[in-house]
Enquirer: 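Got a structure for you, questions after.
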Amino acid sequence: MSDLEIELVIRKCLKMLLHININDINNEQYLEDIGLDSLNMVRLIVMLEEKFDIVFDIENLVSSNFESINKIINIIKESLQNGYIKNLN
């Protein structure tokens with residue numbers, strides 16, 4: 001999955017959560033500055049886990065990993081590469 005594909009999913013999730021124009025957000029912008037509070041961060045994490053069929057490593061569930069779109073892209077790529085795929089068995 002490409003960075004652009006991941007980015008588009010993240011942007012759609014942010015739009016649903018924050019009801020904002022996602023085209024106004026740059027990838028390095030602090031998401032807290034546009035309204036991503038701790039409760040919405042938890043919601044975003046759950047949404048991303050469902051969309052990408054992954055489970056984030058507990059050690060990676062720190063706010064600094066979710067403070068910008070680029071950081072979220074990196075943590076998703078890491079989760080996909082390290083095999084943190086949901087096991088439905």
Side-chain angles (χ1 to χ4, degrees):
M1 181 170 273
S2 73
D3 286 8
L4 181 58
E5 291 171 312
I6 295 171
E7 177 186 341
L8 292 174
V9 172
I10 294 168
R11 286 180 176 277
K12 287 179 185 177
C13 290
L14 289 169
K15 181 179 181 179
M16 288 189 327
L17 279 174
L18 303 176
H19 309 288
I20 56 170
N21 184 349
I22 56 173
N23 297 323
D24 293 340
I25 305 169
N26 72 55
N27 285 8
E28 289 298 324
Q29 185 172 2
Y30 284 104
L31 298 177
E32 185 178 278
D33 294 344
I34 59 163
L36 188 70
D37 59 18
S38 58
L39 181 58
N40 279 328
M41 184 178 297
V42 171
R43 290 178 177 145
L44 177 62
I45 289 168
V46 170
M47 290 173 81
L48 294 172
E49 286 183 331
E50 289 174 358
K51 297 281 185 189
F52 292 100
D53 199 29
I54 59 175
V55 176
F56 291 111
D57 184 353
I58 193 75
E59 293 177 5
N60 290 329
L61 291 177
V62 293
S63 60
S64 60
N65 284 336
F66 297 89
E67 64 188 10
S68 72
I69 290 175
N70 278 345
K71 288 192 174 193
I72 297 171
I73 290 170
N74 290 335
I75 199 70
I76 289 172
K77 285 173 45 179
E78 180 182 321
S79 295
L80 290 169
Q81 290 170 355
N82 289 332
Y84 295 121
I85 308 298
K86 284 184 181 177
N87 185 353
L88 301 176
N89 295 332

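Note that the numbering runs from 1 along the sequence shown for the chain.
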Enquirer: Determine whether L48 and I45 satisfy the following criterion, side chain to side chain contact (heavy atoms under 4.5 Å, CB included), listing intermediate values before the conclusion.
Expert: CA-CA 5 Å; L48 294 172; I45 289 168; 5.7 Å; no
Enquirer: If you round to the nearest 0.5 Å, how far is CD1 of I25 from OH of Y30?
Expert: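 With rounding to 0.5 Å, OH (Y30) is 15.5 Å from CD1 (I25).
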Enquirer: Show every donor-acceptor pair shorter than 3.5 Å between a side-chain atom in residues 61-69 and any protein atom, with sequence neighbours excluded, or say none if there are none.
Expert:
unit_1 : atom_1 : unit_2 : atom_2 : d
N65    : ND2    : N60    : O      : 2.8
E67    : OE2    : K71    : NZ     : 2.6
S68    : OG     : K71    : N      : 3.2

Enquirer: Considering all heavy atoms of both residues, which atom of Q29 and which atom of D24 are nearest to each other, and what is their separation?
Expert: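 Answer, listing the atom of Q29 first, then D24: OE1-O, 3.8 Å.
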Enquirer: To the nearest 0.5 Å, what is the distance between CD1 on I6 and CE on M1?
Expert: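 One finds 6.0 Å between CD1 of I6 and CE of M1.
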Enquirer: Side chain to side chain contact (heavy atoms under 4.5 Å, CB included) between L14 and N40: does it pass, once the steps are laid out?
Expert: CA-CA 9 Å; L14 289 169; N40 279 328; over 6 Å; no
Enquirer: Kindly work out whether a path of hydrophobic side-chain contacts (I/L/V/M/F/W/Y, heavy atoms less than 4.5 Å apart) joins I58 to V42.
Expert: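 No, I58 and V42 fall in different hydrophobic clusters.
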Enquirer: To the nearest 0.5 Å, what is the distance between CE (M16) and CG (L18)?
Expert: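 Here the rounded value is 10.5 Å.
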Enquirer: With sequence neighbours left out, which residue pairs that include part of residues 1-10 fulfil the salt bridge (Lys or Arg N to Asp or Glu O under 4.0 Å) condition?
Expert: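 Sorted result for residues 1-10: D3-K77, E7-R11.
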Enquirer: Mind checking the CG-CG spacing from L17 to L44? Nearest 0.5 Å is all I need.
Expert: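 The distance works out to 6.0 Å.
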Enquirer: Side chain to side chain contact (heavy atoms under 4.5 Å, CB included) with K12: which residues, sequence neighbours excluded?
Expert: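 If we apply the side chain to side chain contact (heavy atoms under 4.5 Å, CB included) test to K12, skipping adjacent residues, there are no hits.
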Enquirer: Atom CG of residue position L39 - does it have more than 12 heavy atoms of other residues, nucleotides or ligands inside 6.0 Å?
Expert: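 Yes, because the 6.0 Å sphere around CG of L39 holds more than 12 heavy atoms from other groups.
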Enquirer: Are L8 and M47 in one and the same hydrophobic cluster, where Ile, Leu, Val, Met, Phe, Trp and Tyr link if side-chain heavy atoms are under 4.5 Å apart?
Expert: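 No, no single cluster joins them.
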Enquirer: Which pair of heavy atoms, one from V9 and one from K51, lies closest together, and at what distance?
Expert: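 That would be CG1-CB, 3.9 Å.
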Enquirer: From the options L80, I73, N74, select the one residue that forms a side chain to side chain contact (heavy atoms under 4.5 Å, CB included) with I76.
Expert: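 Single pass found, and it is L80.
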Enquirer: In Å, rounded to the nearest 0.5 Å, how long is the span from CD1 of I72 to CZ of F56?
Expert: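 Those atoms lie 8.0 Å apart.
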